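The chains referred to below are lettered A, B, ... by the order of the sequence lines, with proteins before strands, and numbering in each begins at 1. None of the values given here were measured: they were computed from a predicted structure.
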Number of protein chains: 2
Amino acid sequence: MIRVLLAEDQAMVRGALSALLNMESDIEVLGSAADGEAAWRELQRLKPDLLVTDIEMPGLTGLELAQRIQRQELPIKVVIVTTFARPGFLRRALDAGVSGYLLKDAPAENLAEAMRTVHRGGRAIDPQLALEAWSEADPLNDRERQVLRLAGEGQSAGDIATQLSLSHGTVRNYLSEAIGKLGVTNRIEAYRLARQKGWL
Amino acid sequence: MIRVLLAEDQAMVRGALSALLNMESDIEVLGSAADGEAAWRELQRLKPDLLVTDIEMPGLTGLELAQRIQRQELPIKVVIVTTFARPGFLRRALDAGVSGYLLKDAPAENLAEAMRTVHRGGRAIDPQLALEAWSEADPLNDRERQVLRLAGEGQSAGDIATQLSLSHGTVRNYLSEAIGKLGVTNRIEAYRLARQKGWL
DNA sequence: GCATGCGAGTGACGCCTGTCACCCGCGATG
DNA sequence: CATCGCGGGTGACAGGCGTCACTCGCATGC
């Protein structure tokens with residue numbers, strides 16, 4: 001019997017996944033949580049074998065949850081189920097020691113199957129995503145990432161500068177570098193591309 | 001017996017919802033589709049009582065599906081189930097004659113209940129969203145919307161001008177108006193705000 | 001001890017943006 | 001008929017953006 005905790009912020013999807021998993025005779029859904037903090041509490045209370053979690057959740061993300069589990073060396077395997085086919089996310093997930101990474105685009109039957117594989121000690125990584133993950137490295141450094149994130153919210157170089165206690169010109173230099181590295185022509189495209197790749 | 005067709009692009013969510021609905025004794029899921037065109041074909045083949053559909057799908061969106069059903073006067077009620085709490089979407093949905101509009105944030109039990117209400121001839125609209133929908137009207141006209149969409153992809157005024165066969169300056173005028181109407185300070189914020197409100 | 005590299009900053013250049021006042025043609029409305 | 005209103009355009013201005021060359025200080029590494 002595989003004992004599972006489910007973390008997913010959209011209630012309807014959470015309920016539906018729960019119904020789906022409860023149809024499997026060898027899987028038992030112990031409970032579910034709507035955000036990262038709740039999941040962390042339930043994790044300690046219910047001590048499941050497996051955590052099935054989304055990435056984007058209020059409070060703590062699924063990736064952060066996985067990191068915590070890894071640091072505290074809890075005997076709980078993690079399977080990520082997410083919308084985002086972003087190579088950067090998968091890489092961070094693997095660094096956080098997760099055993100499974102599926103896309104919500106994959107057929108529903110895959111989920112139970114992946115959970116069994118993981119429970120047996122294996123790994124279940126979406127195949128075409130696994131390829132991409134190691135093909136392209138994130139070219140941005142911390143500053144560039146930071147600046148690009150703020151620029152993507154519509155802030156001007158000046159705004160960003162005050163916020164990061166940098167100079168106006170330096171911010172523009174960072175943005176220029178980021179734009180160059182990504183091979184695009186302006187901050188908007190740079191933001192979109194970086195976001196899509198999961199480099200945020 | 002309520003005979004249903006399910007349209008949702010994410011396979012895992014589609015499968016899970018299907019499992020959820022099949023647990024209800026008075027609901028029968030006739031089939032499901034992964035994109036708008038497939039849904040339209042299945043609709044004509046299976047002639048369900050009810051279409052449960054997402055909005056954002058490849059090809060035809062859920063809103064466009066609802067419009068088609070309305071125009072062809074098919075005897076099929078529509079329930080929208082979506083992530084997007086955007087007032088503009090709800091308004092367009094109601095214009096397209098849908099009977100239900102739920103958020104994926106709502107509890108899973110609501111779905112079956114809403115479907116029963118709609119099947120009985122009633123309406124099931126997410127309550128707090130219904131309020132917002134009539135509170136704020138979309139201030140943008142067609143040109144402004146068009147220009148803003150392209151600007152959001154990182155295109156410059158010049159690029160947009162050639163694409164729409166307008167002049168460089170006119171594009172900037174439209175953008176300026178849009179920025180003013182939305183009460184923000186640049187195209188990036190304007191794009192984000194308009195998108196978030198569902199005005200696209 | 002010197003070179004190398006890196007984070008941060010400066011200043012200047014040209015193009016792009018956002019704003020505004022104003023113009024033109026045309027269809028609707030009185 | 002006159003006159004609005006409206007879609008589209010022009011030209012100008014200030015300020016923002018993207019680029020580049022160069023500087024400075026400070027930590028590393030031989």
Trainee: Using a 4.5 Å cut-off between side-chain heavy atoms of Ile, Leu, Val, Met, Phe, Trp and Tyr, which other residues end up in the same hydrophobic cluster as A/M1?
Mentor: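 A/M1 clusters with nothing; isolated.
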Trainee: Can you see whether A/E113 engages A/N110 through a side-chain donor-acceptor pair at a distance of less than 3.5 angstrom?
Mentor: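 Checked: A/E113/A/N110 side chains show no N/O donor-acceptor pair below 3.5 Å.
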Trainee: A/P48 and A/L43: which non-hydrogen atoms are nearest, and at how many Å?
Mentor: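 Looking at all heavy atoms of both residues, the shortest contact is CD-O, 3.5 Å.
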Trainee: Walking along DNA chain D from 5' to 3', note the first and the last nucleotide with an atom under 4.0 Å from a heavy atom of chain A, and give both.
Mentor: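 Counting from the 5' end, contacts occupy D/dC17 to D/dC20.
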Trainee: Hey, mind stepping through A/D95 and A/R92 against salt bridge (Lys or Arg N to Asp or Glu O under 4.0 Å) and telling me if it holds?
Mentor: CA-CA 5 Å; A/D95 287 345; A/R92 271 189 267 162; over 6 Å; no
Trainee: Which atoms form the tightest heavy-atom contact between A/I179 and A/R187, and what is the distance?
Mentor: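 Here A/I179 and A/R187 meet closest at CD1-N, 3.6 Å.
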Trainee: Determine the sole option in A/L50, A/V4, A/V52, A/L51 for which the side chain to side chain contact (heavy atoms under 4.5 Å, CB included) test with A/K77 is passed.
Mentor: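 Of all the options given, the one that passes is A/L50.
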Trainee: Would you name the heavy atoms of A/K181 and A/P139 that are closest together and state the gap between them?
Mentor: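 Looking at all heavy atoms of both residues, the closest pair is NZ-O, 3.1 Å.
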Trainee: Give the B/S/- string for nucleotides 9-22 of chain C, one per nucleotide from 5' to 3', where a protein heavy atom under 4.0 Å of the base yields B, of only the sugar-phosphate yields S, and otherwise -.
Mentor: BB-B----BBBB--
Trainee: Could you state the atom-to-atom distance from CD1 of A/I160 to P of C/dA8 in whole Å?
Mentor: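 In whole Å, C/dA8 P and A/I160 CD1 are 15 Å from each other.
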Trainee: List the atom of B/R3, the atom of B/L46, and the distance in Å for their closest heavy-atom pair.
Mentor: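 Minimum heavy-atom contact is NH2-O, 3.2 Å.
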